[in-house]
Protein chains: 2
Amino acid sequence: MSLTSAEIQQRQARMLAACRRDGLRITRQRTEVYREIAATEAHPDAEAIHARVTRRIAVSLDTVYRTLAALEKAGAIGRVSALHGAARFDANTAKHHHFVCTECGLVRDFSSAELDAYCPPEAVRQWGEILSVHAELRGICNQCREARTGSPGA
Amino acid sequence: MSLTSAEIQQRQARMLAACRRDGLRITRQRTEVYREIAATEAHPDAEAIHARVTRRIAVSLDTVYRTLAALEKAGAIGRVSALHGAARFDANTAKHHHFVCTECGLVRDFSSAELDAYCPPEAVRQWGEILSVHAELRGICNQCREARTGSPGA
DNA sequence: GTGGGTGCAAATGTTTTGCACTCGG
DNA sequence: CCGAGTGCAAAACATTTGCACCCAC
């Protein structure tokens with residue numbers, strides 16, 4: 001179930017490539033923070049990562065936050081949920097799915113018979129009782145796109 | 001695009017039923033907080049809801065939080081992302097999806113050719129540029145289930 | 001050498017909690 | 001009536017930021 005050291009090495013290499021591509025310096029803190037995330041499948045939060053990294057080297061919690069933000073922007077890591085900050089609520093209790101703009105946080109609902117018909121693999125159903133399926137489509141909404149380029153091009 | 005008053009009324013009725021079912025008292029604060037969520041498709045956060053409700057009646061922000069938690073437990077509202085609290089990270093940059101335990105926050109990855117092949121409806125693609133599709137399967141993991149019942153029943 | 005990265009500490013933002021008072025059932 | 005719900009204020013978390021120092025390039 002856990003990763004082999006070959007897989008971790010491969011991830012490390014991809015991370016280094018992502019840093020170079022984005023002009024990020026390779027520091028001890030970055031490699032060690034990344035190493036902790038790459039070595040686990042537990043999807044840790046900033047504090048859990050910090051706790052594990054500080055067993056090996058000294059890093060401050062705020063550096064962990066800055067490192068996570070930098071690695072995410074570089075595409076070396078992902079976050080489990082696209083939405084940061086405050087929890088958002090919805091009175092729509094019918095089955096539905098979301099388009100989320102990662103730039104401004106816009107959320108729009110849509111429904112999909114195709115997604116509602118999705119039946120998770122047996123292996124996943126073994127993990128527990130599945131109560132609902134929500135798809136999260138991440139992207140950039142038209143308004144943010146236009147704000148970036150200055151014009152409404154595709 | 002916005003909801004009709006008939007739809008809002010219908011939502012209100014469902015909310016009242018959910019409260020009665022869960023033994024929650026019907027208070028002015030609860031109905032007004034709910035009404036604000038039901039009347040919008042903007043997926044507001046606690047602060048935004050509070051700001052709008054206080055235009056009409058006096059409610060404290062902490063009551064808004066408690067109301068949201070109660071309505072969510074009663075099934076009258078939902079939250080956009082299953083995960084509360086701290087952001088969680090993942091070194092797996094390949095396409096994959098998540099099983100999330102809403103009780104303990106366990107997250108497990110799985111991949112699915114079927115989900116990866118999903119093509120969002122044209123109407124949704126009009127909203128912006130879609131960069132990725134993540135499915136979130138919400139449920140209760142086996143460990144939490146066993147902790148509840150005291151025995152590992154299905 | 002120099003600008004990006006880091007540590008420290010303090011600020012900001014989000015959510016929860018203890019306690020006394022109030023009101024829905 | 002009486003306990004669930006509320007308001008207030010303070011605490012507990014989660015995350016960001018300003019500034020001085022340091023090191024990867």
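Quick caveat, the model's predicted, so the values are computed rather than measured. Residue numbering restarts at 1 for every chain, and letters A, B, ... go by the order of the sequence lines.
Contact annotation: side chain of Arg28(A) to base of dG5(C), donor-acceptor pair absent below 3.5 Å.
Rounded to a whole Å, the CG atom of Leu83(A) is 14 Å from the C1' atom of dT14(C). One atom, OH of Tyr65(A), and another, P of dA11(C), lie 18 Å apart when rounded to the nearest Å. Nucleotide dC23(C) holds its P atom 13 Å from the CD1 atom of Ile57(B), rounded to whole Å. Rounded to a whole Å, the CG atom of Leu24(A) is 18 Å from the P atom of dG3(C). Going from atom CG of Leu68(B) over to atom P of dT17(C) covers 15 Å, rounded to whole Å.
Between Gln29(B) and dC23(C) there is no side-chain N or O to OP1 or OP2 distance below 4.0 Å. Contact annotation: Ser60(A) reaches the phosphate of dG7(C) (side-chain N/O to OP1 or OP2, under 4.0 Å).
Counting non-hydrogen atoms under 4.0 angstrom, Ala58(A) reaches the backbone sugars and phosphates but no base. At a threshold of 4.0 angstrom between heavy atoms, the contacts of Arg30(A) are confined to the sugar-phosphate backbone, with no base atom among them. Within 4.0 Å of Asp62(B), counting heavy atoms only, lies at least one base atom of the nucleic acid.
Nearest-nucleotide mapping onto DNA chain D: of Gly85(B) and Thr27(B), the residue sitting toward the 5' end is Thr27(B). Nearest-nucleotide positions on DNA chain C place Leu61(B) closer to the 5' end than the other of Ile26(B) and Leu61(B).
Under the salt bridge (Lys or Arg N to Asp or Glu O under 4.0 Å) criterion, Arg88(A) pairs with no residue at all, not counting sequence neighbours.
Using a 4.5 Å heavy-atom cutoff, the side chains of Tyr118(A) and Glu114(B) are in contact.
Checking dG25(C), dG4(C), dT15(C) against every side-chain atom of Arg25(A), the shortest atom distance belongs to dG4(C). Ranking dT14(C), dC19(C), dT6(C) by closeness to the Arg66(B) side chain, first place goes to dC19(C).
Side chain of Thr40(A) to main chain of Ile37(A): no donor-acceptor pair is present (N/O by atom type, distance under 3.5 Å, no hydrogens or angles). Without hydrogens or angle criteria, Arg138(A) side chain to Cys101(A) main chain gives no donor-acceptor distance under 3.5 Å.
If you check the side chains of His96(B) and Asp90(B), you find a donor sitting under 3.5 Å from an acceptor.
Look at Glu103(A) and Arg145(A) and you find no salt bridge, because none of the NZ, NE, NH1 or NH2 atoms lies under 4.0 Å from a carboxylate O.
The outermost nucleotides of DNA chain D lying under 4.0 Å from heavy atoms of chain B, listed 5' to 3', are dG3(D) to dT15(D).
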His97(B)/Asp109(B) under side-chain hydrogen bond (donor to acceptor under 3.5 Å, both in side chains): CA gap, chis, key distance, verdict: CA-CA 6 Å; His97(B) 309 279; Asp109(B) 289 353; over 6 Å; no
